[in-house]
Amino acid sequence: MTPAEPPVAVVTGGSRGLGQHIVESFLARGYRVSTSSRTQTDFTSQMLQDHPDRFHWTEVDLEQGDAAKSLVRSVVARFGRIDVLVNNAGYLHQELLLTTPRRQVDSLVAVNLVAPILVAQACARAMTASGGGRILNVSSINAVRGHRGVSVYSAAKAGLDGFTRSLARELGPMNILVNSVVPGYFDSDMTSGVTPENRTRIERRTPLQRLGTVEEVVAVVDFLTSPAASFITGQTLVIDGGLTC
Ligand SMILES: NC(=O)c1ccc[n+]([C@@H]2O[C@H](COP(=O)([O-])OP(=O)(O)OC[C@H]3O[C@@H](n4cnc5c(N)ncnc54)[C@H](OP(=O)(O)O)[C@@H]3O)[C@@H](O)[C@H]2O)c1
């Protein structure tokens with residue numbers, strides 16, 4: 001990287017929700033940013049217009065087997081390197097396990113666990129070529145505490161935390177730091193279906209008595225991808241207002 005070339009961050013699922021805010025933050029920090037999703041949004045269209053040299057969007061369905069490889073290949077072709085990966089894309093489907101069809105189980109595991117593993121693998125290969133990097137996996141408090149109706153999603157997210165710890169051991173000698181963030185509930189499309197009664201119950205059980213904000217999660221993403229966090233790897237950092245303490 002020449003001094004004129006800003007570092008490159010890959011953020012999966014940056015078209016809306018938490019991912020959108022993470023993309024905005026990396027752009028504000030001077031990064032070149034690549035994001036991906038199945039569909040364009042007003043946000044991605046606007047970023048393509050506002051930052052034609054620093055913003056890249058790829059249409060990808062992470063449920064498809066070769067998505068990770070083609071995604072990372074397109075980023076390297078566009079920007080030449082990868083410094084940071086935030087495995088943010090994910091989706092929640094709530095259903096009791098006894099009625100959940102096999103294809104739904106496969107889909108939840110494919111998007112929330114297999115895809116982040118394969119994207120991390122492809123990005124880590126690119127990072128070794130440029131002397132190191134940071135990988136941050138977005139997990140969930142469902143990985144830490146049991147909740148009815150989300151067993152498969154919880155299994156996938158808990159798998160992501162286990163993956164984080166072991167991968168940190170493998171990649172540490174290559175100067176690639178691997179951590180995961182574990183957000184509690186925050187407002188986004190994913191939680192728009194939470195009923196007012198459930199919302200009140202979550203708020204009551206949270207020591208800080210409220211849901212989190214995306215800004216509070218982004219602040220931790222910023223920290224863990226900053227020089228200040230240069231000796232932190234293999235960790236899962238919970239951001240939930242104390243809900244799981
Ligand atoms: N919201 C919460 O309270 C909460 C709490 C804990 C953890 N999390 C985690 O935080 C992350 C972001 O959540 P969010 O609430 O911001 O979600 P969101 O608003 O639903 O956004 C999800 C993003 O992932 C993309 N995505 C979903 N499925 C995809 C697929 N098959 N292929 C490619 N991209 C896909 C979506 O784009 P397309 O739909 O266009 O593909 C979108 O950009 C997720 O990993 C989630 O599990 C959320």
Side-chain angles (χ1 to χ4, degrees), residues 10-25 33-45 47 57-72 74-75 85-94 103-104 106-120 135-145 147 150 152-161 163-164 180-195 198-199 202-203 206 210-218 220-221 236-241 243-244:
V10 175
V11 181
T12 63
S15 61
R16 55 191 164 85
L18 174 62
Q20 170 179 334
H21 287 77
I22 294 172
V23 166
E24 288 174 323
S25 181
V33 180
S34 175
T35 196
S36 53
S37 53
R38 289 168 298 181
T39 44
Q40 273 271 26
T41 56
D42 289 347
F43 171 70
T44 52
S45 309
M47 290 303 101
W57 173 80
T58 320
E59 181 183 333
V60 156
D61 182 354
L62 290 170
E63 203 170 330
Q64 305 306 315
D66 57 352
K69 253 190 190 160
S70 61
L71 163 66
V72 173
S74 82
V75 180
L85 162 66
V86 182
N87 258 325
N88 164 77
Y91 88 98
L92 173 65
H93 170 84
Q94 299 200 48
R103 65 183 145 69
Q104 187 63 64
D106 289 344
S107 165
L108 278 163
V109 174
V111 175
N112 291 303
L113 180 59
V114 178
I117 289 172
L118 296 177
V119 176
I135 295 174
L136 199 53
N137 297 314
V138 179
S139 177
S140 163
I141 53 161
N142 294 124
V144 182
R145 287 281 184 282
H147 297 96
V150 293
V152 182
Y153 175 79
S154 303
K157 291 295 192 181
L160 203 51
D161 290 342
F163 172 65
T164 297
S180 64
V181 289
V182 178
Y185 300 97
F186 58 84
D187 280 319
S188 77
D189 291 350
M190 191 179 278
T191 47
S192 58
V194 174
T195 62
N198 278 342
R199 192 188 171 97
I202 293 165
E203 287 169 349
T206 303
R210 62 176 175 84
L211 265 63
T213 65
V214 279
E215 288 78 11
E216 287 168 321
V217 181
V218 173
V220 178
V221 172
T236 57
L237 187 42
V238 181
I239 313 149
D240 70 349
L243 182 60
T244 58

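Order of appearance sets the numbers: ligands from 1, and atoms from 1 within every ligand. This structure is a prediction, so every number in the text was calculated from the model and none was measured.
- Considering backbone and side-chain atoms alike, Leu18 places an N or O below 3.5 Å from some N or O of ligand 1.
- Protein heavy atom nearest atom 22 (C) of ligand 1, with residue, atom name and distance: Gly90 O, 3.8 Å.
- From the protein, the heavy atom lying nearest to atom 4 (C) of ligand 1 is Phe186 CE2, 3.4 Å.
- Contact atoms of ligand 1 toward Val60: 32 (N), 33 (C) (distance under 4.0 Å to a heavy atom of the residue).
- Of all the atoms in ligand 1, the ones that sit under 4.0 Å from a non-hydrogen atom of Asp61 are 30 (C), 31 (N), 32 (N).
- Side-chain contact between Lys69 and Leu118 is absent, with no heavy-atom pair separated by less than 4.5 Å.
- Looking only at side-chain heavy atoms (C-beta outward), Gln104 and Val152 stay at 4.5 Å or farther from each other.
- Looking only at heavy atoms of the protein, atom 10 (O) of ligand 1 is closest to Val138 CG1, 3.4 Å.
- Not close to ligand 1: Ser36, with no non-hydrogen atom less than 4.0 angstrom away.
- In this structure, Thr58 contributes its side chain and Ser36 its backbone to no donor-acceptor pair below 3.5 Å.
- Nearest protein heavy-atom neighbour of atom 36 (C) of ligand 1: Arg16 NH2, 3.6 Å.
- In the vicinity of Val111, heavy-atom distances shorter than 4.0 Å reach the ligand 1 atoms 31 (N).
- Where the criterion is an N or O separation shorter than 3.5 Å, residue side chain and backbone included, Ser188 meets it with respect to ligand 1.
- In Ala67, neither the side chain nor the backbone holds a heavy atom less than 4.0 Å from any atom of ligand 1.
- Remark: the backbone N or O of Glu63 is paired with a side-chain donor or acceptor of Asp61 at under 3.5 angstrom.
- Between Asp240 and Val182 the shortest side-chain heavy-atom distance does not fall below 4.5 Å.
- Proximity of Thr39 to ligand 1, defined as any heavy-atom pair under 4.0 Å, is shared by backbone and side chain alike.
- The distance from ligand 1 to the heavy atoms of Thr191 drops below 4.0 Å at these ligand atoms: 1 (N), 2 (C), 3 (O).
- Residue Tyr185 places no N or O, backbone or side chain, under 3.5 Å from any N or O of ligand 1.
- Ser139 O, 3.2 Å is the protein heavy atom nearest to atom 7 (C) of ligand 1.
- Scanning the protein for heavy atoms near atom 28 (N) of ligand 1, the closest one is Arg38 NH2, 3.4 Å.
- At least one heavy atom of Gly184 sits less than 4.0 Å from an atom of ligand 1.
- A distance-only check finds no donor-acceptor pair linking the side chain of Asn112 to the backbone of Ala156 [under 3.5 Å].
- By the criterion of a heavy-atom distance under 4.0 Å, both the backbone and the side chain of Asn88 are placed next to ligand 1.
- Side-chain N or O atoms of Thr191 include none that pairs as donor or acceptor with a backbone N or O of Val194 at under 3.5 Å.
- Between Tyr185 and Asn142, the closest side-chain pair of non-hydrogen atoms falls below 4.5 Å.
- Considering backbone and side-chain N/O atoms, Leu62 comes within less than 3.5 Å of an N/O atom of ligand 1.
- Tested against Leu18 for a side-chain contact (heavy atoms from CB on, under 4.5 Å), the candidates Val221, Val138, Val181 yield a single pass: Val138.
- The residue Gln20 has no part lying near ligand 1, judged by heavy-atom distances below 4.0 Å.
- Proximity to Tyr153 (heavy-atom distance under 4.0 Å) selects the following atoms of ligand 1: 7 (C), 8 (N), 46 (C), 47 (O).
- The shortest side-chain heavy-atom distance between Leu211 and Asp187 falls under the 4.5 Å cut-off.
- Listed by atom number, the atoms of ligand 1 under 4.0 Å from Gly13 heavy atoms are 23 (C), 24 (O), 25 (C), 42 (C), 43 (O).
- Proximity of Tyr91 to Ser107: side-chain heavy atoms (C-beta onward) are separated by under 4.5 Å at one or more points.
- Atom 26 (N) of ligand 1 has its closest protein heavy atom at Ala89 CB, 4.1 Å.
- Looking only at distances, no side-chain donor or acceptor of Thr44 sits under 3.5 Å from a matching main-chain atom of Gln40.
- For atom 13 (O) of ligand 1, the closest non-hydrogen atom on the protein side is Met190 CE, 3.8 Å.
- Each of Thr35, Leu71, Val111, Val86 was compared with Thr12 under the side-chain contact (heavy atoms from CB on, under 4.5 Å) criterion, and only Leu71 meets it.
- Atoms of ligand 1 found under 4.0 Å from any heavy atom of Ser15 (numbered from 1 in listed order, with element): 37 (O), 42 (C), 43 (O).
- Side chains of Ser45 and Trp57 form no contact here, defined as non-hydrogen atoms less than 4.5 Å apart.
- Defined by atom type and a distance below 3.5 Å, a donor-acceptor pair is present between the side-chain atoms of Asn137 and Thr164.
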